[in-house]
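Heads up: the structure comes next, in structure tokens.
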Amino acid sequence: MEVVVRSHERECAVCTNDFTTPKILPCGHLLCRECVISWMKSKHHAGCPLCTCPIAEHQGYSSQSAADVVDALPTDSVMEAIVQSAGVLGKDNMCTVCDDVRAEYICMQCVEKMCSSCMKMHKKMSMSRSHDVESVSTVTPERLAASRPALCADHGDKHAEAFCADHHLSICSSCTSIKHRTCLVVRDINDEMKDSEKTLCGLTDQLVQAEYSLKQGTEHLAIRLQKVEDMEQEDMTQVDKTCDKLQRMVENCRKGLKKQIHDSRLQVTNSLIKAKRELDKRLGKVTSHRNIVTRARAVAPRAGLIHVTQALTDRVNSLDLNADLDEFYSLFTDLSVFHLEEA
């Protein structure tokens, strides 16, 4: 499954620059860490600048600093890797080894740009002959981000071979046998990746179903709203016909009936509009998180995928995915009391 992140999707809505440590807000929108902190400091109880939803899921954070609140939000490591890869590909295509020689290739694992001569040497060296080297012109930020190997959290130059669930870290073999030898749950990195992919598949199915259900709910509410408007127009017409027959004798009655109808419809309409807005917000959250999960499945770096999976799982479980409209339909049922039949 290929996901393409357009250039504007890599930009923060506040600073309009490429994301730097993108934080996942409860509504599913992304903002730079520093931008969220500045935004919260500039406004009392600031909400998301894109949809006004609360930035903190629990509002009892008055004693916490803005930085503490923002640091508690999960980081979209997938988007972070895509932005970094886009930056690498966007630089002038010069060989990183040779001076003033144009690069034609890039190593997907080392993320090094090379001329044809350096590429041949790269493929001959024992430590890099198995690396994937491709033409710079054909590589996308998403593919480059997805190809990056998982690296040890303590030794950034070593490949991670295991994942410590106790510390939630990717670790190399030496860290496994030394620093994390007493940890209870240390698994092979590939097994952890497979479990993460399965979890993301389940999250995707859950979010797709919720998204469909919420869309159906908003459509049904829109139909109900239209019926309310149609019924109001029908009743107004019927009132006019009835009052025209009675002419001036029932002018006061005409005005009273119109006011009664309008007041009743206005109350129900406002309630339905409020309900629809609430479902629209829920839908926005579900759609944003579905996009994040889909992107994570497609292009996440190995370690990044593991780190973000639990955070996304907790987030999805905390979302309100219910699209039960029974409580809203009762508003429409009450209209029958005021619906005027033709005389």
Side-chain angles (χ1 to χ4, degrees), residues 1-3 5 21-24 28 30 33 57 71-85 107-111 126-132 141-209 289-319 321:
M1 178 175 57
E2 184 177 358
V3 173
V5 180
T21 313
K23 288 295 184 176
I24 306 175
L30 301 181
R33 176 183 179 274
E57 293 177 305
D71 286 338
L73 297 172
T75 300
D76 190 344
S77 55
V78 176
M79 178 59 76
E80 192 171 36
I82 293 174
V83 170
Q84 293 172 356
S85 298
C107 176
M108 303 295 282
Q109 282 72 44
C110 300
V111 196
S126 60
M127 63 182 296
S128 59
R129 64 169 55 124
S130 62
H131 290 187
D132 297 322
E142 294 76 28
R143 288 187 55 226
L144 184 59
S147 68
R148 292 188 179 184
L151 299 177
C152 176
D154 290 331
H155 306 95
D157 57 340
K158 292 185 179 181
H159 286 195
E161 299 178 5
F163 182 79
C164 175
D166 293 2
H167 296 92
H168 207 70
L169 294 174
S170 301
I171 54 178
C172 62
S173 56
S174 61
C175 287
T176 302
S177 59
I178 299 175
K179 188 174 182 179
H180 296 269
R181 68 179 183 276
T182 60
C183 294
L184 298 178
V185 183
V186 178
R187 303 183 61 202
D188 182 87
I189 191 75
N190 293 318
D191 292 338
E192 192 68 27
M193 280 291 299
K194 290 178 181 178
D195 286 349
S196 293
E197 290 172 358
K198 289 180 181 178
T199 300
L200 288 174
C201 286
L203 291 177
T204 300
D205 293 340
Q206 185 179 358
L207 289 167
V208 167
Q209 181 58 42
H289 283 84
R290 191 259 300 164
N291 289 335
I292 292 173
V293 172
T294 301
R295 180 172 62 242
R297 288 180 54 202
V299 300
R302 298 162 69 88
L305 179 63
I306 297 171
H307 289 280
V308 82
T309 296
Q310 184 59 51
L312 289 174
T313 301
D314 295 340
R315 176 59 59 71
V316 170
N317 289 338
S318 70
L319 293 176
L321 307 179

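- The structure places OG of S85 at 4.0 Å from CZ of R148, a figure rounded to the nearest 0.5 Å.
- Distance CD1/I292 to CZ/R315: 7.5 Å, rounded to 0.5 Å.
- Residues L30 and K23 have side chains not in contact (no heavy-atom distance under 4.5 Å, counting atoms from C-beta outward).
- A heavy-atom distance below 4.5 Å is found between the side chains of V316 and Q206.
- Separating the NZ atom in K194 from the OG1 atom in T199 is a distance of 14.0 Å, to the nearest 0.5 Å.
- Rounded to the nearest 0.5 Å, atoms OG1 (T309) and CD (E192) are 8.5 Å apart.
- Two residues are said to be in side-chain contact when any heavy atoms from C-beta on lie closer than 4.5 Å; R33 and D71 meet this criterion.
- In terms of heavy-atom proximity, C175 sits nearest to C152 at SG-SG, 3.6 Å.
- Scanning both residues, D166 and V185, for their nearest heavy atoms gives OD1-N, 3.5 Å.
- Counting only heavy atoms from C-beta outward, the side chains of V208 and D205 never approach each other to under 4.5 Å.
- Considering all non-hydrogen atoms of both residues, C183 and C164 come closest at SG-SG, 3.5 Å.
- Among residues two or more places apart in sequence or in another chain, the ring-ring contact (aromatic ring centres under 6.0 Å, His included) test is passed with H159 by none.
- Between the side chain of E142 and the backbone N or O of I82, no donor-acceptor pair lies under 3.5 Å.
- Applying the salt bridge (charged side-chain N to carboxylate O under 4.0 Å, His left out) criterion to K158, with sequence neighbours excluded, gives no partner residue.
- Summarising the geometry of Q109 relative to P149, their closest heavy-atom pair is O-CD, 3.9 Å, with the distance given to 0.1 Å.
- For the atom pair L169 CG and K179 NZ, the distance stands at 7.5 Å (nearest 0.5 Å).
- The ring-ring contact (aromatic ring centres under 6.0 Å, His included) search around H168 returns F163, H307, not counting sequence neighbours.
- Listed for the S170 side chain is no donor-acceptor partner under 3.5 Å among the backbone atoms of A150.
- Here the shortest heavy-atom pairing between C172 and T176 reads O-OG1, 2.8 Å.
- When the options L207, D76, I24 are evaluated for a side-chain contact (heavy atoms from CB on, under 4.5 Å) with L312, the one that passes is I24.
- Between E80 and T21 the shortest heavy-atom distance is OE2-CA, 3.7 Å.
- Distance check, rounded to the nearest 0.5 Å: CG of D195 to CG of N190 gives 11.0 Å.
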